[in-house]
Amino acid sequence: MTAPDAPRPTPEQAREVVARADEVAALLSGLAGAPARFREHVRTAFGSSQQDKVLGELSAIGVERLREVSGERLRVGRLVDGGVTTVGDVLRAGPAGLERLPGIGPQTATHCLAAAAQIAQAVQETLRFRIDDAPGDPFTTGLVQALAGLDAARTAATVHRQVVVTFLEGHSEHRVEAQEATRAVRSFFSLPARRRRAADAVHELARLTQDAERSGAVAAAGRVGALDTAPVDAFEAWTDFRARSATYYALLDDVVDIGRDLQATEGHLPPELLARVDDQPLDQSLLTASLRGYQVFGARYALAQRRTILGDEMGLGKTVQAIAAMAHLAAGGATHFLVVCPASVMTSWVREVGRHSTLRSLDVHGPERAEEAAQWAREGGVAVTTFEQVGFLPLDLPTPAMLVVDEAHYVKNPEAKRSQAVAAWAGRTERVLFLTGTVMENRVEEFRRLVAYLQPDVAEQVSAAHGAAGAERFRLAVAPVYLRRNQEDVLEELPELLQVEEWESFGPADGAAYRDAVREGSFMAMRRAAYAVDHPEDSAKVRRLVELVEEATGNGRKVVVFTYFRDVVDLVVRALGDLAAGPLTGSVSATNRQTILDEFTASPVPRALVSQIEVGGVGVNLQAASVVILCEPQVKPTTEAQAVARAHRMGQVRTVQVHRLLVADTVDERMVEILGTKARLFDAYARRSVLADALPGAVDVSEARLAQTIVAAEQARWLGGAPVVAGTGPTVAQGIATDDEVRDFDVQDAPVDAPWGDGGA
């Protein structure tokens, strides 16, 4: 209701308000319907791309194969004489083109086309569809652009869904009465009460319009609407695809069937359990991520079974499946969720919840955990805490709608305090989801201990005999509580590049080293401060690196670990122990490098090859590895891209996972932000030039300016004052080198010879 002293709008003002409200209503209605429209764009683009790929396959099949399919005595010799030599040529020619050939009549043309269509159908049914990195292909580019548009439409529609609903409902409710105020004569003769209602309606439309504009929904609707007629720029779409290919495949998988193995997607579960999962809905309205088909199934499985273990192989997105399950419950009214995880991934969990959903997340950790826990109790959301901290949370906090335990094998020992703390929370929570990528089939007793937290009756029925009887029998016995899928089973478009940012938080030792580096103004020391510890376990990055390597090698995957710094190589080798291979450093001769690579490739035992990135990141073939770990962001985007390309290359048959170890609110985050735009320059120019590919320095970022920017920002943040004057040492380490000094300094052997490269100060 309008305040009594609110000015009554003139007819002209009312017309302006109603007209603008109508414009906003049209825009927001278009935004609400945008995902459906762009799904059709994707479906059309996929059909064109698929048809082009099928024709490409058919162009390698000779026309003589038509006889085998047709059963008729076709005159294929006449086709060949006319230049129609492949099945693809037959389909491209069509009936008119074939009949123009000497000796080919309507009947022969019809038989040829019918046989070609049968072969085309068979090829299409068996085609393993992939989005090839081929910007020059108009069909593939059209598909990538359509997927980029769908991603933008879905994200905007999800983020602004409530604003859209509120505005459209209010517009529908108030527009008719507001229209009364736009006509001067009718308004003059109207009853006072009617004039007040009309004025109130105008003011309400103005308020709704203003709220919608302030929220960003109107601007987002305009941007998405423009994509209907002007698709996402091809370069922008390809750049985004290369950075987030998993998202694009998830979008495509949600629109069309790209040929995945349905049984593998469903974890080879028994029929009665499949029926229960099929009956379980999944509300994705609070998700901002697009899920793959197997991820949708995993979230529905977790919801249907209530207390279970999701054991997917690393890289398949166990985190996003857990978030999807929580988002479903939140859409139904649930308010509180609790995640327990290792300290090394706590920051990543907080970020991933915000990245993939509209759920609110907060970390309950450290000296302020009591206040943070109280805030969670009052406001709800996803509370993220660690195995070390969960025991300190009072049990009188609200019971979570779901408890998620990441890296659940951490609680396999029931005597440990953290195990007992998790058990206490699991005992009072109706829905519990354990996440672990560690293979369990050969550790039946440990597996039983985990199952006992969730479904004791199932644990009692699982014995060592089930494990000895083979994986299939074991899966059948544990199906009610354990779902596992492997990458090769569910990712039909292999090889794919999956990139994960592993955000960590400093502890006392590595945090102190970083603060000292900032105080000194040493850019290079800041970059490697996360590893400047006496004991590997005191480094958050090293702890996460060891976890990643153990999980990858436990799943039969070889790993390559890249770092720029020689002293970091030494620390990582020490932390990994027998799991480490190499190392590859600038002091290793070319002959010995190849010997190390050959041994790593031929080894039947999965290990982690540790290498300086300037040594192992260029000119070597590392396709034996399917997991790449980058210890720190690189100064040059080209350096990182080439290192990843050592594993993600022709002949690679496994999905390549790239894990970037990063610490929040440090030099890592600043470098990621600044270098993001530089990577686009590399994509725009270096990829299109043979010379630039051979000389990555041809298009690069000025390290000196980068260092200056970051050092100044970090000193202001960590020290709270003006930047400190740097001390002695290489000028680039202080962030004040000239460009010429940087070029001379940043040579391949520098990490070996420079005092800061071999562990010196």
Quick check: closest heavy atoms across [X] and [Y], and the distance to 0.1 Å?
X	Y	answer
V533	S539	CG2-CB, 3.9 Å
V615	T585	CG2-C, 3.7 Å
I596	G582	CG2-CA, 3.8 Å
A625	A647	O-CB, 3.5 Å
L362	E372	CD1-O, 3.6 Å
K318	E551	NZ-OE2, 3.7 Å

So, does [X] use its side chain to make a donor-acceptor pair with the main chain of [Y] at under 3.5 Å?
X	Y	result
S611	F562	no
R300	V277	yes
S419	N413	yes
R418	E388	no
D406	V339	no
K558	T601	yes
T288	H356	yes
R431	L303	yes
R307	T429	yes
Q305	P480	yes

Nearest-0.5 Å distance that lies between atom [atom1] in [X] and atom [atom2] in [Y]:
X	Y	atom1	atom2	value
L435	H409	CG	NE2	11.0 Å
F337	W376	CZ	CH2	10.0 Å
F565	I613	CZ	CD1	11.0 Å
E501	E352	CD	CD	8.5 Å
L282	L287	CG	CG	7.0 Å
M346	H365	CE	NE2	4.5 Å

Practice task
For a side chain to side chain contact (heavy atoms under 4.5 Å, CB included) with L661, tell me which candidate from D668, I629, V561, L630 qualifies.
Solution key: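 For L661, the side chain to side chain contact (heavy atoms under 4.5 Å, CB included) test succeeds with only one of D668, I629, V561, L630, which is I629.
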
Exercise for the section: Quick one: do F447 and Y482 satisfy ring pair (Phe, Tyr, Trp, His ring centres under 6.0 Å)? Show the steps, please. Expected result: CA-CA 10 Å; F447 182 83; Y482 183 50; 5.0 Å; yes

Does any part of the side chain of [Y], heavy atoms only, come nearer than 4.5 Å to the side chain of [X], both counted from C-beta?
X	Y	value
M526	M524	no
I309	R484	no
F506	R515	no
V404	T319	no
R574	H535	no
Q321	L433	no
T347	D363	no
K412	Y453	no

Handout entry: Over 12 foreign heavy atoms within 6.0 Å of CG, D457
Key =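 Count over threshold, so yes.
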
Exercise for the section: Give a yes or no on this: more than 12 heavy atoms of other residues, nucleotides or ligands lie within 6.0 Å of atom CD of E368. Expected result: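 Not more than 12 within 6.0 Å, no.
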
Practice task
Look at E599 together with R607 and state whether they make a salt bridge at an N to O cut-off of under 4.0 Å.
Solution key: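 Looking at E599 and R607, the cut-off is not met.
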
Practice task
Under the side chain to side chain contact (heavy atoms under 4.5 Å, CB included) rule, what do T563 and V572 come out as? Steps first, then yes or no, please.
Solution key: CA-CA 10 Å; T563 178; V572 169; 5.8 Å; no

Problem - Cation over ring face, K541 and Y531, 6.0 Å, 45° - result: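 Relative to the ring axis of Y531, which defines the angle, K541 lies outside at least one limit.
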
Exercise for the section: May I ask you to establish whether R428 and W425 are in a cation-pi arrangement, using a distance under 6.0 Å from NZ or CZ to the six-membered ring centre and at most 45° from the ring axis? Expected result: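 Yes - R428 lies over the ring of W425, closer than 6.0 Å to its centre and within 45° of its axis.
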
Problem - side chain to side chain contact (heavy atoms under 4.5 Å, CB included) between T385 and R369, worked out - result: CA-CA 9 Å; T385 191; R369 63 176 178 267; over 6 Å; no

Exercise for the section: Ignoring hydrogens and angles, state whether a donor on the side chain of Y301 or T308 is under 3.5 Å from an acceptor on the partner side chain. Expected result: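 There is such a pair (donor and acceptor under 3.5 Å, judged by atom type) between the side chains of Y301 and T308.
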
Handout entry: Side-chain donor-acceptor pair present, R566, Q612, cut-off under 3.5 Å
Key =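 No, Q612 and R566 have no side-chain donor paired with an acceptor closer than 3.5 Å.
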
Handout entry: salt bridge (charged side-chain N to carboxylate O under 4.0 Å, His left out) evaluation trace for R351 with E669
Key = CA-CA 13 Å; R351 287 171 176 261; E669 193 160 4; 3.4 Å; yes

Problem - Candidate pair V663 and Y514, rule side chain to side chain contact (heavy atoms under 4.5 Å, CB included), full reasoning - result: CA-CA 11 Å; V663 177; Y514 185 77; over 6 Å; no

Practice task
Show the numbers, then the answer: is there a side chain to side chain contact (heavy atoms under 4.5 Å, CB included) between L576 and V549?
Solution key: CA-CA 8 Å; L576 292 177; V549 170; 3.9 Å; yes

